[in-house]
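Have a look at the structure below, then the notes.
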Amino acid sequence: MSSPSKRREMDLMKLMMSDYKVEMVNDGMQEFFVEFKGPTESIYQGGVWKVRVELPDAYPYKSPSIGFINKIYHPNVDEMSGSVCLDVINQTWSPMFDLVNVFEVFLPQLLLYPNPSDPLNGEAAALMMRDRPAYEQKVKEYCEKYAKPEDAGITPEDKSSDEELSEEEDDSGDEAILGNPDP
């Protein structure tokens, strides 16, 4: 049987191998940011969010804490804190789930099928129920205003390929990489 710390490490590596940009907060594996893109063919398509993930000590037996850093307009996401009201994550979490499930299934499902009857953003829930076209327009406005790739601002610490290097980093030259020889 593997320990929670081994499982945490394995799930995090699996998430990174699934082409998600991950930015660690510190040396531990408890807290990190993940770049999350809005589901295709949805009103969130084109949006890019920086999502904060905090793994409790008891992970995977206890669910991760998930929150959007840049703003998103959604009935089940608190507009100020970014906290996510997600039944699967908060109440029905099981150790069978992993971090890839969160970003490939749970969050896309949340965005595709909002639940206005259990809102964290009452205004978004009311607008969605009262005037769906106006709600969808506001979602798109938020995506354009707050969810552009530069708003997510995730820069992975270790680059796995030259393609991921930005032009700024690419122009740094060999001397910056090599540094000074030891005396």
Side-chain angles (χ1 to χ4, degrees), residues 12 15-16 18-26 30-55 63-91 93 99-161 163-171:
L12 192 52
L15 185 66
M16 291 170 155
S18 298
D19 290 332
Y20 286 96
K21 290 183 183 171
V22 178
E23 179 184 317
M24 303 309 291
V25 170
N26 50 36
Q30 304 260 158
E31 190 178 347
F32 49 92
F33 298 106
V34 178
E35 182 183 275
F36 173 70
K37 295 177 178 158
T40 52
E41 298 181 25
S42 78
I43 54 177
Y44 294 95
Q45 181 172 340
V48 181
W49 289 270
K50 184 175 190 174
V51 176
R52 181 178 170 275
V53 180
E54 193 171 341
L55 301 179
S63 68
S65 170
I66 307 287
F68 285 85
I69 299 299
N70 43 329
K71 283 188 175 189
I72 183 168
Y73 194 74
H74 191 283
N76 309 114
V77 180
D78 184 275
E79 190 175 353
M80 300 319 281
S81 71
S83 295
V84 174
C85 174
L86 190 54
D87 183 52
V88 175
I89 290 181
N90 296 330
Q91 291 159 18
W93 176 262
L99 297 170
V100 173
N101 292 131
V102 171
F103 289 95
E104 290 188 355
V105 180
F106 303 148
L107 286 179
Q109 292 290 321
L110 178 78
L111 297 189
L112 291 168
Y113 308 105
N115 179 3
S117 60
D118 184 23
L120 277 178
N121 180 339
E123 180 201 316
L127 186 59
M128 182 185 170
M129 290 191 289
R130 188 179 67 244
D131 186 352
R132 189 71 182 231
Y135 163 77
E136 291 179 1
Q137 182 57 40
K138 192 150 187 177
V139 166
K140 289 175 185 172
E141 286 170 13
Y142 267 60
C143 287
E144 289 167 19
K145 200 171 184 179
Y146 304 111
K148 294 184 294 298
E150 58 269 24
D151 297 321
I154 292 187
T155 50
E157 283 177 30
D158 49 324
K159 308 286 185 256
S160 60
S161 73
E163 293 172 292
E164 291 180 4
L165 292 173
S166 72
E167 289 176 25
E168 285 178 4
E169 293 164 355
D170 210 29
D171 293 340

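This structure is a prediction, so every number in the text was calculated from the model and none was measured.
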**Message:** For a salt bridge (Lys or Arg N to Asp or Glu O under 4.0 Å) check, start with the C-alpha distance between E136 and R132, then their side-chain angles and the critical distance, and finish with the verdict.
**Reply:** CA-CA 6 Å; E136 291 179 1; R132 189 71 182 231; 3.2 Å; yes

**Prompt:** Could you go step by step and tell me if L107 and W49 meet the side chain to side chain contact (heavy atoms under 4.5 Å, CB included) rule?
**Reply:** CA-CA 11 Å; L107 286 179; W49 289 270; over 6 Å; no

**Request:** Take L55 and L99 through the test side chain to side chain contact (heavy atoms under 4.5 Å, CB included) and record every step on the way to the result.
**Result:** CA-CA 10 Å; L55 301 179; L99 297 170; 3.8 Å; yes

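Counting only heavy atoms from C-beta outward, the side chains of W93 and F106 approach each other to under 4.5 Å. Counting heavy atoms from C-beta outward, Y146 and I72 have side chains that stay 4.5 Å or more apart.
With rounding to the nearest 0.5 angstrom, the CG atom of N101 is 11.5 Å from the CD atom of Q109. Atom NZ of K21 and atom NZ of K50 lie 12.0 Å apart (nearest 0.5 Å). Going from atom CD of E79 over to atom OH of Y142 covers 3.5 Å, rounded to the nearest 0.5 Å. Atom OG of S81 is separated from atom CZ of F68 by 11.5 Å, given to the nearest 0.5 angstrom. If you take CZ on F33 and CD on E54, they are separated by 10.0 Å, rounding to the nearest 0.5 Å. Here the CD-CG distance, from E104 to L15, works out to 8.5 Å after rounding to the nearest 0.5 Å.
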Anything under 3.5 Å between a donor and an acceptor, one on a side chain of residues 111-122, the other on a protein residue two or more places apart or in another chain? List them.
{"from": "N115", "atom 1": "OD1", "to": "S117", "atom 2": "N", "distance (Å)": "3.1"}
{"from": "N115", "atom 1": "OD1", "to": "S117", "atom 2": "OG", "distance (Å)": "2.6"}
{"from": "N121", "atom 1": "OD1", "to": "E123", "atom 2": "N", "distance (Å)": "3.2"}
{"from": "N121", "atom 1": "OD1", "to": "A124", "atom 2": "N", "distance (Å)": "3.0"}

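Of all the heavy atoms in K148 and K145, the pair that sits closest is NZ-O, 3.4 Å. Closest heavy-atom contact between K37 and V48: CG-CG2, 4.1 Å. Scanning all heavy atoms of the two residues, the minimum distance from V139 to Y73 falls at CG2-O, 3.4 Å. Across every non-hydrogen atom of V102 and P64, the tightest pair is CG2-CG, 4.4 Å.
No donor-acceptor distance shorter than 3.5 angstrom exists from the side chain of Q137 to the backbone of P133, with no hydrogens or angles considered.
Ring geometry for Y44 against H74 counts as tilted: the plane angle lies between 30° and 60°, on a 0 to 90° scale. Taking the six-membered ring where tryptophan is involved, the planes of F103 and Y20 are tilted, since the angle between them lies from 30° to 60°.
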